[in-house]
Engineer: 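Once you've had a glance at the structure underneath, I'll fire off some questions.
Heads up: numbering here begins at 1 and tracks the sequence. Since the structure is predicted, the reported quantities are computational estimates derived from the model, not experimental observations.
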Amino acid sequence: MRRFFDPRQLLHAPARELHNGGFTDYAETPARAEAILAAIGRAELPEDRGEAPILAVHDAGYVDFLKTAAARWADAGRPGDAVGYVWPVVGRRPLKLDRIDALIGQYSFDASTPITAQTWTSAYWSAQSALAATHAVLAGDRAAFALCRPPGHHAGADYYGGYCHLNAAAIAAQAARDAGVAKVAILDIDYHHGNGTQDIFWTRGDVLYASLHADPATDYPFYWGHADEVGEAEGAGATFNLPLPQGTGLDAFRAAQARALDTIATFGAELLVVSFGADTYADDPISAFRLQTPDYAVLAADIAAVGTPTVIVMEGGYAVNALGANVASLLSGF
């Protein structure tokens, strides 16, 4: 299987994040990608396909903000990484503000996702890695893997959070649609719900979003991912959420994934994007499922058995010592 990654994805390295009421070391570290590379071997450099595929998903004003936020933060005399501290009440998002503090509140939804001087560069090449894997599959490969770091599925068209800035899975899905694939499905098997991906395709019927994740009644991101969220307008029925309780192990997770795969088959997807998060692992420090390393090969084999050309996009996973083995296990299942 071809694998794609650019070393510039390691440049994004915030020092701290706000977690459970206090500042702590940033969990989404460059060491995550380094651990994966050590386990799976070398990856190809992605081709630079420019900003057009990104702007096909993300708002132009938001993209400009990502490019300039760190410099504007520094110009305002602020030390360290750019982190928000004030957010507008829902329905009160002013659109013509210049102060960097207000812009961060406008374009983000949490305080766990700092922006550094290198964030745009790393997020850009993360998206390019996803695009490279997508084009490999469009060219005839059965499956391809994009080591996307930073991850992407919490990023919406015009907002960031959850360690995510550009939504690589959504960018991959849209690129496939723009290449002529009539129906694309996204299977999200990260511990946390991919709220950004859901929002991007919420009113569209050409991209199905199916997600297995921790019940948002107990876990981040709380406000998205409930079972009654099914899409609207032309997208009604094209969102399928399967929230699962803390402590979920292989049998229950596999059964839920089978339901999602049945829905994807009924939808008639011609290309599948898998948002894969290894934070479902039993020893992940910020999650509470009970999957073990060999389980990922089982889950991947079930996905591969469907026979749909598949782009695998890396999302979360924070047990760094086991992360490489977990990703290698997943890839072995294909």
Engineer: Decide yes or no for Leu147 and Arg3: does some side-chain heavy atom of the first lie under 4.5 Å from some side-chain heavy atom of the second?
Structural biologist: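 Contact flag for Leu147/Arg3 side chains = no.
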Engineer: Please round to the nearest 0.5 Å and tell me the distance separating atom CG of Leu299 and atom CG of Leu212.
Structural biologist: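 Atom-to-atom, Leu299:CG and Leu212:CG are 9.0 Å apart.
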Engineer: Under 6.0 Å between ring centres, would you say that holds for Trp87 and Tyr159?
Structural biologist: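 Centroid distance Trp87-Tyr159: not below 6.0 Å, so no.
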Engineer: Less than 4.5 Å apart, any side-chain heavy atom of Arg290 and any of Phe253?
Structural biologist: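 The answer is no; the side chains never approach within 4.5 Å.
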Engineer: Kindly say whether Phe334 contributes a backbone atom to a donor-acceptor pair with the side chain of Arg142 at under 3.5 angstrom?
Structural biologist: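 Between the backbone of Phe334 and the side chain of Arg142 there is a qualifying donor-acceptor contact (under 3.5 Å).
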Engineer: Under the 3.5 angstrom rule, does the side chain of His58 hit a backbone N or O of Gly156 as a donor-acceptor pair?
Structural biologist: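 Judged by distance alone, yes, a pair lies under 3.5 Å.
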Engineer: Taking the side chain as everything from C-beta on, heavy atoms only, tell me whether Leu271 gets closer than 4.5 Å to Leu138.
Structural biologist: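 Yes, at least one pair of side-chain atoms sits under 4.5 Å.
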Engineer: Heavy-atom count check: over 12 atoms from other residues, nucleotides or ligands less than 6.0 Å from Arg16 CZ?
Structural biologist: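 At most 12 heavy atoms, drawn from other residues, nucleotides or ligands, come within 6.0 Å of this atom.
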Engineer: Would you check if there is a donor-acceptor pair between the side chains of Asn167 and Thr197 at a distance under 3.5 Å?
Structural biologist: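 The criterion, which ignores hydrogens and geometry beyond distance, is satisfied for Asn167 and Thr197.
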Engineer: Can you tell me how far CG of Asp190 sits from CD of Glu315, rounded to the nearest 0.5 angstrom?
Structural biologist: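 Those atoms lie 6.0 Å apart.
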Engineer: Using a distance-only test with no angle check, is there a side-chain donor-acceptor pair under 3.5 angstrom linking Gln198 and Asn241?
Structural biologist: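 Judged by distance alone, the side chains do pair up.
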Engineer: Between Arg78 and Asp101, is the closest basic N to carboxylate O distance under 4.0 Å?
Structural biologist: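 Arg78 and Asp101: salt-bridged.
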Engineer: So which atom in Phe4 and which in Ala144 form the shortest heavy-atom distance, rounded to 0.1 Å?
Structural biologist: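 For Phe4 and Ala144, the tightest heavy-atom pair comes out as CE1-CB, 4.4 Å.
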Engineer: Would a distance-only check, ignoring hydrogens and angles, find a side-chain to backbone donor-acceptor pair under 3.5 Å from Arg32 to Leu323?
Structural biologist: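 The answer is no, because no donor-acceptor pair under 3.5 Å joins these two groups.
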Engineer: Would you say the side chain of Arg149 lies within less than 4.5 Å of the side chain of Pro30, judging by non-hydrogen atoms?
Structural biologist: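 Pro30 vs Arg149: side chains touch.
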Engineer: Any side-chain heavy atom of Ser287 within less than 4.5 Å of one from Tyr281?
Structural biologist: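 No. Closest side-chain heavy atoms not under 4.5 Å.
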Engineer: Any heavy-atom pair between the side chains of Met1 and Ile312 that's under 4.5 Å?
Structural biologist: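 They are in side-chain contact.
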Engineer: Could you tell me if Arg8 and Gln128 have a donor-acceptor pair between their side chains, going purely by distance under 3.5 Å?
Structural biologist: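 No donor-acceptor contact under 3.5 Å links the two side chains.
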Engineer: Do the rings of Tyr160 and His165 sit parallel, tilted or perpendicular, given the 30° and 60° boundaries?
Structural biologist: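 Ring orientation, 0 to 90° scale: parallel.
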Engineer: Quick one: does any side-chain atom of Ser329 pair with a main-chain N or O of Asn326 as donor and acceptor, under 3.5 Å?
Structural biologist: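 Side chain of Ser329 to backbone of Asn326: no pair is present.
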Engineer: Heavy atoms only: give me the nearest Asp284-Ala278 pair and the separation to one decimal.
Structural biologist: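 Looks like OD2-O, 4.1 Å.
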Engineer: Any non-hydrogen side-chain atom of Ile189 less than 4.5 Å from a side-chain atom of Thr280?
Structural biologist: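 No - every pair of side-chain heavy atoms lies 4.5 Å or more apart.
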Engineer: If you count heavy atoms of other groups shown closer than 6.0 angstrom to OH of Tyr223, is the number above 12?
Structural biologist: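 It does not: Tyr223 OH has 12 such atoms or fewer within range.
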Engineer: Can we call the ring centroids of Phe201 and Tyr209 under 6.0 Å apart?
Structural biologist: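 No - the distance between ring centres of Phe201 and Tyr209 does not fall below the 6.0 Å cut-off.
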Engineer: For a side-chain hydrogen bond (donor to acceptor under 3.5 Å, both in side chains) with Tyr163, tell me which candidate from His12, His153, His154, Glu17 qualifies.
Structural biologist: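 When His12, His153, His154, Glu17 are each tested with Tyr163, the side-chain hydrogen bond (donor to acceptor under 3.5 Å, both in side chains) holds only for Glu17.
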Engineer: Are side-chain N/O atoms of Thr116 and Thr119 paired as donor and acceptor at under 3.5 Å?
Structural biologist: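 Yes, side-chain donor-acceptor contact under 3.5 Å.
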Engineer: Verify the distance criterion only: is there a donor paired with an acceptor across the side chains of Asp279 and His192 at less than 3.5 Å?
Structural biologist: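 Yes.
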Engineer: If you count the non-hydrogen atoms of other residues, nucleotides and ligands that lie under 6.0 Å from CG in Asp98, is the total more than 12?
Structural biologist: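 Incorrect, the count does not exceed 12.
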Engineer: Can you name the nearest heavy-atom pair linking Leu166 to Ala127, along with the distance?
Structural biologist: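 The pair with the smallest heavy-atom distance is CD1-CB, 4.4 Å.
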Engineer: Taking Asp199 for the side chain and Gly196 for the main chain, is one N or O donor matched with an acceptor at less than 3.5 Å?
Structural biologist: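 Flag not set: sc Asp199 to bb Gly196 has no pair under 3.5 Å.
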Engineer: Check for a donor-acceptor pair, side chain of Trp73 on one end and backbone N or O of Pro79 on the other, with a separation under 3.5 Å.
Structural biologist: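 Side chain of Trp73 to backbone of Pro79, a donor-acceptor pair under 3.5 Å: yes, one is there.
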Engineer: Does atom CD (Glu270) have a neighbourhood of more than 12 heavy atoms from anything else shown, all under 6.0 Å?
Structural biologist: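 Yes, CD of Glu270 has more than 12 neighbouring heavy atoms, counting only those of other groups under 6.0 Å.
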Engineer: Would you say Asp110 and Leu18 make side-chain contact, with heavy atoms under 4.5 Å?
Structural biologist: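 A side-chain contact under 4.5 Å is absent here.
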Engineer: Name the one of Tyr318, Tyr220, Phe289 that satisfies ring-ring contact (aromatic ring centres under 6.0 Å, His included) with Tyr191?
Structural biologist: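 In the set Tyr318, Tyr220, Phe289, the residue that makes a ring-ring contact (aromatic ring centres under 6.0 Å, His included) with Tyr191 is Phe289.
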Engineer: Kindly say whether the aromatic ring centers of Phe276 and Tyr296 come within a distance under 6.0 Å.
Structural biologist: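 Ring centroids of Phe276 and Tyr296 are less than 6.0 Å from each other.
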Engineer: In a check of side chain to side chain contact (heavy atoms under 4.5 Å, CB included) between Val207 and each of Ile200, Ile186, Thr239, Val273, which one passes?
Structural biologist: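 By the side chain to side chain contact (heavy atoms under 4.5 Å, CB included) criterion, Val207 pairs with just one of Ile200, Ile186, Thr239, Val273: Ile186.
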